[in-house]
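Scroll down for the structure; my scribbles are underneath it.
Whatever order the structure lists ligands and atoms in, that order sets their numbers, starting from 1.
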Amino acid sequence: KKILIIGGVAAGPKAAARARRCDPDAEITIVEEGSFLSYAGCGMPFYIGGTVERHEELMATPVGVIRDAAFFRSVKDIKVLTGTRAEAIDRKNKTVRVTNLATGETSALPYDKLVLATGSRPVRLPIPGADLAGVYTLGNLEEAQAIRRAVEQGARRVVIIGGGLIGLELADTLGTKAEIAIFEMMDHVLSSLLDPELSILVEKVLRGKGVQLFLGNRVERIEGNEQGAVARVVTTAGSFPADLVVIAAGVKPRVELAKEAGLELGETGAIKVNAYLQTSDPDIYAGGDCVENVHLISGRPVYTPMGSVANRHGRVIGDNVTGGRQSFPGVLGTAILKVFEMIIGRTGLTESEARRLGYHVESFICSAPDRAHFYPGSKPIIIKLVADSSTRKLLGAQILGPGDVNKRLDVMVAALSMGVTVDQLAAFDLAYAPPFSTALDPITHAANCLRNKIDGRARSINPLELKKRLSAGEELILLDVRTPAEFNEVRLPGSNVVFIPLGKLRERAAELPRDREIVTFCKLSLRGWEAQTILESLGFTNVSFFEGGIVAWP
Ligand code: FAD
């Protein structure tokens with residue numbers, strides 16, 4: 001049996017390796033137009049910044065063996081043709097025409113099963129100057145090497161176009177080596193991953209590290225100097241000098257081969273595949289960044305180009321091209337990244353997405369220490385849970401902060417994958433010892449907060465909504481119930497802030513007017529909620545607390 005795979009980074013090599021394990025006799029060939037194979041594209045930002053010293057580390061096994069063509073041939077009995085481009089698929093004769101890019105020689109490679117793992121390519125902006133020397137995208141290892149070289153050779157003023165995952169990872173990794181400016185067309189960074197009140201917290205961290213952020217700003221052109229190298233970007237906010245520009249404005253699936261072969265594309269523009277990752281031709285499979293996925297919550301097609309997904313696709317394809325029948329259920333759009341000291345994770349639907357899709361959305365933002373507050377190293381995390389209040393099913397989670405986000409994110413991935421309700425989540429038997437968690441894990445706490453809100457027990461306001469109401473001049477009272485020490489350390493500005501520590505609230509409640517809306521708060525939000533219940537027990541009728549406390553104030 002001849003298995004031919006086009007694309008040699010994540011989905012392709014994974015499919016090849018799995019196919020070999022399932023079928024020792026198959027003839028397996030990978031065609032890759034680039035020179036590097038099976039490398040960790042996700043590691044490129046860390047290579048550019050120097051955390052990963054040598055590019056070879058990105059293409060080595062955990063014990064340091066380089067995954068090159070010789071490795072694939074000797075260890076896995078897989079033939080790899082690098083520097084070779086697949087030009088066209090002849091479905092009738094089951095061959096693929098390929099060109100050796102070094103010699104220009106063409107040949108036709110036969111297949112019984114064909115795998116398209118052609119991935120994606122970075123969007124190149126259609127603006128003047130995008131092809132000047134010193135303007136890069138970050139789509140492959142060659143580009144990563146060029147960017148690193150430019151920084152090592154003294155590029156100081158780095159402009160990143162795009163405040164998405166890749167743009168922010170680059171800012172993080174180059175932040176101590178260069179002056180970074182990010183231009184983002186949308187009103188917030190990470191706008192396709194997070195709700196705005198959480199994006200704002202990421203923006204605060206970036207600005208705190210000296211990154212210049214220009215939001216709601218379009219780059220109109222890039223201008224060069226007399227030598228033809230980049231000199232500045234011209235944007236809707238003015239002109240900014242630049243020694244190096246990286247366009248990180250998203251990626252597009254590489255579908256030309258599939259399209260020309262008459263294979264069906266989906267509504268996202270990526271290749272459409274069934275649950276077995278077969279294209280509209282049952283002998284042609286496709287996976288990784290070139291295909292669209294089904295969203296596990298909404299059931300809708302989505303384009304989620306992630307290395308994690310590409311590898312899972314590869315395994316399923318490797319099974320199926322060797323006679324197996326594995327299915328790939330879909331994705332949650334899970335992502336995690338680090339921006340300086342902040343870790344940002346998300347899975348499922350954001351509140352904005354869920355509202356657009358018509359769910360009865362209820363959400364809660366909860367701040368909590370990631371481990372026992374008395375244990376050294378305890379740091380806060382902020383969890384936003386989104387659920388459908390009519391079914392109580394969870395729809396999504398966004399988790400961020402300097403604390404241990406990673407563990408909670410994966411708990412949420414498991415919960416969402418199993419379609420659990422917020423009540424079931426609250427009952428998870430999560431691990432606890434002081435170095436790792438709190439007796440009620442932040443996830444349990446967040447689930448309980450959301451249950452209280454759905455059940456009408458807790459009346460709370462989203463912090464961004466509150467901020468907007470305050471900016472609009474609404475005369476509500478912001479009641480700070482923290483301790484005097486906390487109040488002296490950091491406080492919210494404005495004349496509507498009244499400070500009464502929680503322990504004094506019962507005796508001093510008479511100082512508060514009964515005819516004005518009162519919004520209580522504390523550092524995290526537990527005392528804010530307690531203050532609400534105290535005031536209500538004393539007959540106040542228009543009291544709420546804002547979610548997430550000072551820690552999550554946008
Ligand atoms: P690709 O990696 O795009 O590889 C496709 C290969 O096919 C390419 O090498 C291309 O040359 C080859 N090819 C295409 N057409 C042809 C042809 N006609 N003939 C021959 N060869 C062809 N994902 C995560 O999950 N987590 C992360 O932290 C993360 N970080 C990232 C950081 C950066 C900077 C980037 C760029 C991506 C990141 N990703 C991350 C995404 C991840 O790298 C991709 O999802 C993954 O590489 C997709 O793998 P793939 O095999 O589908 O496609």
### Message
Can you classify the ring geometry of Phe214 versus Phe183 as parallel (below 30°), tilted (30 to 60°) or perpendicular (above 60°)?
### Response
parallel
## Note on the structure
With sequence neighbours left out, the residues meeting side-chain contact (heavy atoms from CB on, under 4.5 Å) with Pro402 are Lys379, Pro380
### Message
Quick test of your reading of the model: are Lys113 and Asp283 salt-bridged, counting only N-O distances below 4.0 Å?
### Response
yes
### Message
Any carboxylate oxygen within less than 4.0 angstrom of a Lys/Arg side-chain nitrogen, looking at Asp112 and Lys2?
### Response
no
Atom pairs and distances, ligand 1 N/O vs protein N/O under 3.5 Å:
unit_1   : atom_1 : unit_2 : atom_2 : d
ligand 1 : 3 (O)  : Ser120 : N      : 3.2
ligand 1 : 9 (O)  : Glu32  : OE1    : 2.8
ligand 1 : 9 (O)  : Glu32  : OE2    : 3.0
ligand 1 : 11 (O) : Glu32  : OE2    : 2.7
ligand 1 : 15 (N) : Arg254 : NH2    : 3.4
ligand 1 : 18 (N) : Ala86  : O      : 3.0
ligand 1 : 19 (N) : Ala86  : N      : 2.9
ligand 1 : 21 (N) : Glu33  : N      : 3.1
ligand 1 : 23 (N) : Gly307 : N      : 2.9
ligand 1 : 25 (O) : Gly307 : N      : 2.9
ligand 1 : 25 (O) : Ser308 : N      : 3.1
ligand 1 : 45 (O) : Asp289 : OD1    : 2.7
ligand 1 : 45 (O) : Asp289 : OD2    : 3.3
ligand 1 : 45 (O) : Met306 : N      : 3.4
ligand 1 : 45 (O) : Met306 : O      : 3.4
ligand 1 : 45 (O) : Gly307 : N      : 2.9
ligand 1 : 51 (O) : Ala10  : N      : 3.0
ligand 1 : 51 (O) : Ala11  : N      : 2.9
ligand 1 : 52 (O) : Asp289 : N      : 2.8

### Query
Is the shortest heavy-atom distance from the side chain of Thr350 to the side chain of Leu193 under 4.5 Å?
no
### Message
Between Glu143 and Thr137, do the side chains contain a donor N or O and an acceptor N or O under 3.5 Å apart?
### Response
yes
